[in-house]
Amino acid sequence: MSRLLIVDGHAYAYRAFHAIRNLRGPEGRPTNAIYGFVKMLEKMRAALEPAHLIVVWDGGLSAERMAALPGYKMQRPEMPADLQPQLDEIGDYLAAAGLASFCADGIEADDYIACVARRAAAAGWNVVIASSDKDFMQLVSGRVGLWNPNDKAAVVWSREQVLAKAGVEPEQVADWLALMGDVVDNIPGVPGVGPKTAAELLKEFGSVTALFARLAEVRSEKLRAALQGSAETVMRNLRLVQLHEVPCEFAPQQLAIKPANRDQLRDLFRRWGFKGMIESLERAASGQQAELI
């Protein structure tokens, strides 16, 4: 069965940018994010051996989420000035490497990734989502797994890893996030409710809907009062953290990894000063020629 790898583009670009410092090309332009992104993508491809791949980029914030919570993600700092120009160059690399990418105004990467993953899984494909974003745990199933760059074990996450990390099943992850909130996205949760308490509540009640229907059964008076005062917040949070349906299609032929354009890659690597990558490219080309002799 073919494997589709879906990469959270901005997440990996930021990770590469902060992991490597003070790397510049011959013209003096920053290349740290480009270099790190290429190396991480190469490592993922070697480990997972996908036949199909797409890198998905954020196209802005969801209007629906912004309407529900005007402060949604507003605490995040501006993109570093040295990172912004490197994103276009990463796009040049992906095109030369024969890899698909997607970005559309007003569509958050999380939603598009979820849409493609669901379509592919429904078509019987195995999908791996490469991201450290905990929102994606809600998608994990028999067909969909996660590749978390923070996990040194370097395994594709299944239900087992989600349960170990969150204390809940994938189907309960959105409810779990709705209860405790998400500081990263500026979503406030129930006062005093953290990951452990949220997981315990869902283990007992199953869902936030059932929890509020049976609120009188919550034994702690303090917790019961906090939940009662946050009922509207939690239900709003649930709509915020659930991954939304957006226009997308699963077109395997468009996501298939195509032969790389070696000349374009060589030109890019030379422009960025990536001598080691040029050497690897030449070795690969020599190996292929030797096989034909």
Side-chain angles (χ1 to χ4, degrees), residues 4-15 50 52-76 79 87 90-91 94 99-123 125-141 143-149 157 162 166 168-189 207-208 234-252 254-255:
L4 168 63
L5 173 61
I6 309 177
V7 180
D8 185 348
H10 274 94
Y12 273 86
Y14 267 94
R15 187 177 186 86
H52 296 70
L53 185 152
I54 184 171
V55 179
V56 181
W57 304 91
D58 269 318
L61 298 179
S62 160
E64 182 179 348
R65 291 190 179 96
M66 288 296 294
L69 181 62
Y72 174 66
K73 292 188 178 181
M74 295 305 289
Q75 90 290 3
R76 293 189 177 185
M79 180 180 294
L87 297 185
I90 291 173
L94 294 173
L99 306 174
S101 62
F102 173 87
C103 183
D105 288 344
I107 295 183
E108 295 189 45
D110 292 9
D111 293 326
Y112 194 83
I113 289 171
C115 186
V116 174
R118 287 167 178 151
R119 299 279 196 280
W125 283 57
N126 291 324
V127 181
V128 177
I129 298 169
S131 178
S132 58
D133 191 333
K134 55 185 174 293
D135 290 353
F136 290 124
M137 291 194 293
Q138 63 190 278
L139 296 176
V140 170
S141 68
R143 289 287 184 194
V144 180
L146 300 182
W147 184 260
N148 186 340
W157 281 27
V162 172
V168 297
E169 297 289 343
E171 295 82 4
Q172 297 173 304
V173 166
D175 298 67
W176 180 68
L177 292 169
L179 284 167
M180 68 180 190
D182 189 345
V183 175
V184 174
D185 290 345
N186 205 30
I187 299 174
S207 69
V208 292
V234 171
M235 301 314 293
R236 178 208 60 195
N237 289 355
L238 188 59
R239 296 191 298 273
L240 290 171
V241 300
Q242 287 172 330
L243 296 172
H244 298 178
E245 275 295 316
V246 294
C248 82
E249 62 175 338
F250 173 59
Q254 294 178 17
L255 306 184

Do any N or O atoms from the side chain of [X] and from the backbone of [Y] form a donor-acceptor pair under 3.5 angstrom?
X	Y	answer
Arg65	Leu240	yes
Arg76	Asp185	no
Asn237	Gly181	no
Gln75	Val184	yes
Arg15	Pro149	yes

Within a 6.0 Å radius of atom CE on Met74, are there more than 12 heavy atoms belonging to other residues, nucleotides or ligands?
no
[X] side chain near [Y] side chain, heavy-atom distance below 4.5 Å:
X	Y	answer
Glu108	His244	no
Ile90	Trp57	yes
Ser207	Gln172	no
Val173	Val140	no
Ser62	Val246	no
Val7	Leu99	no
Ile6	Val56	yes
Leu146	Met137	yes

Could you tell me the separation between the [atom1] atom of [X] and the [atom2] atom of [Y], rounded to the nearest 0.5 Å?
X	Y	atom1	atom2	answer
Ser101	Leu87	OG	CG	11.5 Å
Asp110	Gln138	CG	CD	9.0 Å
Asp133	Asp8	CG	CG	6.5 Å
Ile113	Arg118	CD1	CZ	12.0 Å
Glu169	Asp175	CD	CG	12.5 Å
Met180	Ile187	CE	CD1	10.5 Å

For the pair Glu64 and Arg239, evaluate side-chain contact (heavy atoms from CB on, under 4.5 Å) and give the outcome as yes or no after the intermediate values.
CA-CA 9 Å; Glu64 182 179 348; Arg239 296 191 298 273; 5.7 Å; no
Could you go step by step and tell me if Val55 and Tyr12 meet the side-chain contact (heavy atoms from CB on, under 4.5 Å) rule?
CA-CA 10 Å; Val55 179; Tyr12 273 86; over 6 Å; no
Using the ring of each side chain (for Trp, its six-membered ring), is Tyr112 parallel, tilted or perpendicular to Phe102, with breaks at 30° and 60°?
parallel
So which heavy atom on [X] is nearest to which on [Y], and how close?
X	Y	value
Ala100	Leu255	CB-CD2, 4.2 Å
Ile129	Ala117	CD1-CB, 4.1 Å
Gly71	Asn186	O-ND2, 2.7 Å
Leu5	Ala130	CD1-CB, 4.0 Å
Gln242	Ala174	CG-CB, 3.9 Å
Val144	Leu139	CB-O, 3.4 Å

Before accepting this row, confirm whether a basic side-chain N of the pair Lys73/Asp58 lies closer than 4.0 Å to the acidic partner's carboxylate O.
no
